[in-house]
2 protein chains.
Amino acid sequence: MATISDVATRAGVSTATVSRALNGKSTVDPELAARVLAAADELGYRPNGPARNLRKQETAVLALIISDVENPFFTAISRGVEDVAHSAGYSVVLCNSDDEPDKEREYIDVALQERVAGVLLSPAGAGDSADLLRTHGTPVVALDRPLPNSFGDTVLVDSRDAARDAALHLSAQGYRDIACITGPTGVLTADDRLAGYQDGLREAGRTVSDDLVRRCEFKAAGAKEAARSLLTQDPRPEAVLVANNAMAVGVLETMAELGLRAGRDVGVVAFDDAPWATLLDPPLTVVSQPAYDMGAVGAQLLLSRIGGDRTDASTTTLSAHLVTRGSSSRS
Amino acid sequence: MATISDVATRAGVSTATVSRALNGKSTVDPELAARVLAAADELGYRPNGPARNLRKQETAVLALIISDVENPFFTAISRGVEDVAHSAGYSVVLCNSDDEPDKEREYIDVALQERVAGVLLSPAGAGDSADLLRTHGTPVVALDRPLPNSFGDTVLVDSRDAARDAALHLSAQGYRDIACITGPTGVLTADDRLAGYQDGLREAGRTVSDDLVRRCEFKAAGAKEAARSLLTQDPRPEAVLVANNAMAVGVLETMAELGLRAGRDVGVVAFDDAPWATLLDPPLTVVSQPAYDMGAVGAQLLLSRIGGDRTDASTTTLSAHLVTRGSSSRS
DNA sequence: GTGAAAGCGCTAACAG
DNA sequence: CTGTTAGCGCTTTCAC
């Protein structure tokens, strides 16, 4: 593959001139520049990225560490990140931590080694893997969940308020004994949604009971079980707030198996909107989260840090909103 | 950040020894090796990726260029790729081409520049962007759609057979005037699915008519329109084969608007299974594609090419299978 | 088994 | 405005 000196030779100039011409730095005689461009073109020359990165001591690469690309919520985040990164000339390496601290740590290691310009991280748990980044001075933005000992910027969604709204809504629709299926203890979004749910119940003057709460992984399988244990109780809860999209699938499966209809038999509200939510009968009431925006804002913040902005660590909280549909109404 | 010579100094050895010790190449005196390891650890040393890549003239990075991570089909592919790549010590940079040849080309340029070890590409169209890769000798694997002038390995799904099966199935269920909504002309999977649909109709002894075919982008919006134009005809088609998941959402939306029930009023089969397909009433009959496997197999092939296997370009065809559910049955 | 030294391809002083 | 030169951090001959 052609190198810069091949181009230099062919254009009859020095490598420095080629570099300048190609990078548009300082000024180069138009005629020489043209010769350089021509030579580069003829040779199919492409600057060697690693060499340039080594020399400049920086790369135009961001790492995005999320739990799972197959989760539509993270998928939307990653699209937001990619769009912003790409238009700023950055590439994105995608890492699936599966919410395993070890995997997360491993990826952070790789990111450090490759000297990525910055990292967008949706932290798996209470691990300290992000400390590595701090000690190495790599800019970080936390997405969806804050970093344990917070440094760097954070972009969150106001889950708690949204969950509260959802609980109030269910209550206002006349459902009593409202249950909640949320994620594992220690995962902030899971805890927040639970807290919001409790806020809402209290505000509505309803009793708050742990018997109506289930926790499991943020996946369909666990939620399916949880829903079964919840909905086969006597008396059966009248409604349920589900903490994410994948879980909602599990809950709705259980309901179908038990012959329970959303809305009429059990009021349902789930976090995360999806294209198919309106196709259900009745359509699913959801808490819509601004996932794409979260990615885009996060990438923006990261890029400005990389650009050298030395402001204090910020926390941006985006708000989610309730989208009312048939599954949360008896009629 | 600590460099290799910092480690060397601290361990009282040469940089060569550090390199050897850390990479387990040739043999190093155990005692020295231990000193090196200790020194590296104390310094929090991490080899500089770009420097190593430059020196070795190779990187442990793969590029994955797909049309859109937000499409669950590609999402599954990307997960397959990532899992395989990661366990082989490779990272993956993710690129969304949005099926725009220009964007695809741009990403290929970046890949070349960064000297990625190989590229997994789901080609946007008839563009020649992949020629760049060939001339530069970068290994490529085509995913889901073949490269225009085929070189490198290809992993496909047998869409045509699957579409044929789907059409036969609809016919066997007693639907006449079976329609098809597929993707843009020139996109092989779109054309294949149409051809398979036609195969099936012929085989079932039904007439094949262009009036029952609609083409649009592989997205919900276009399919929604297309379905409307199809289902407001008189006489109305009795069934429809939909060429992907996103489109199915559009079609089902239109059906809901028109008060048409899947199965009873219009038989529906769509490509791509989804967790929510069973939640619909009636559940959606689908052609399930092995997307994850496609990614995994593709990554495997690419890695073995990178490893130096010089076999001829291969084509692997995975098969899709029909999953029969309520939307393709009148009862 | 270990060290010295060259050099991967590029950019950025520094002279001219 | 252009060329010479040094050197980014690493691996890899080549001697010893």
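Every chain is numbered from 1, with letters handed out A, B, ... down the list of sequences.
- Partners of A:Arg115 by salt bridge (charged side-chain N to carboxylate O under 4.0 Å, His left out), not counting sequence neighbours: none found.
- Take A:Thr317 and apply the side-chain hydrogen bond (donor to acceptor under 3.5 Å, both in side chains) test, not counting sequence neighbours, and it matches no residue.
- Among residues two or more places apart in sequence or in another chain, the side-chain hydrogen bond (donor to acceptor under 3.5 Å, both in side chains) test is passed with A:Ser19 by A:Asn23.
- Take A:Ser14 and apply the side-chain hydrogen bond (donor to acceptor under 3.5 Å, both in side chains) test, not counting sequence neighbours, and it matches A:Thr17.
- Under the side-chain hydrogen bond (donor to acceptor under 3.5 Å, both in side chains) criterion, B:Ser5 pairs with B:Thr3, sequence neighbours left out.
- Neither OP1 nor OP2 of D:dG9 sits under 4.0 Å from any side-chain N or O of B:Arg52.
- Contact annotation for B:Asn53: no contact, since no heavy-atom pair falls under 4.0 Å across all strands.
- Here the P atom of nucleotide D:dG9 and the CZ atom of A:Arg115 are 9 Å apart, to the nearest Å.
- Under the 4.0 Å criterion applied to side-chain N and carboxylate O atoms, A:Asp29 and A:Arg35 are not assigned as salt-bridge partners.
- Comparing A:Arg46 and B:Val28 by the nucleotide of DNA chain C whose heavy atom lies nearest to each, the residue mapping closer to the 5' end is B:Val28.
- Look at B:Asp131 and B:Arg134 and you find a salt bridge, because one of the NZ, NE, NH1 or NH2 atoms lies within 4.0 Å of a carboxylate O, short of that distance.
- End-to-end axis angle of the helix from C:dG1-D:dC16 to C:dG16-D:dC1, from C1' rotation axes over five pairs per end: 40° (rounded to 10 degrees).
- Within the structure, ring pair (Phe, Tyr, Trp, His ring centres under 6.0 Å) contacts touching residues 59-103 of chain B (residues at least two apart or in different chains) are A:Tyr107-B:His86.
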Report, one pair per line, the protein and nucleotides 12-14 of chain D atoms (nitrogen or oxygen only) whose separation is under 3.5 Å.
unit_1 : atom_1 : unit_2  : atom_2 : d
D:dT12 : O4'    : B:Arg55 : NH2    : 3.3

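- Regarding B:Glu58, its CD atom lies at a distance of 11 Å from the P atom of D:dT11, rounded to whole Å.
- First and last contacting nucleotides of DNA chain C toward chain B (any atom under 4.0 angstrom from a heavy atom, 5' to 3' order): C:dG1 to C:dG9.
- Residue contacts shown for B:Pro50 are absent, as no nucleic acid heavy atom lies under 4.0 Å away.
- Sorted by first and then second residue, the pairs that involve residues 64-73 of chain B and meet side chain to side chain donor-acceptor pair (under 3.5 Å), not counting sequence neighbours, are A:Arg79-B:Asp68.
- Distances shorter than 4.0 Å separate none of the side-chain N or O atoms of B:Asn48 from OP1 or OP2 on D:dC8.
- Annotation: salt bridge (charged side-chain N to carboxylate O under 4.0 Å, His left out) contacts of B:Arg20 (sequence neighbours excluded): none.
- Legend: residues meeting salt bridge (charged side-chain N to carboxylate O under 4.0 Å, His left out) with B:Asp153, ordered by chain and number and at least two apart, are B:Arg305.
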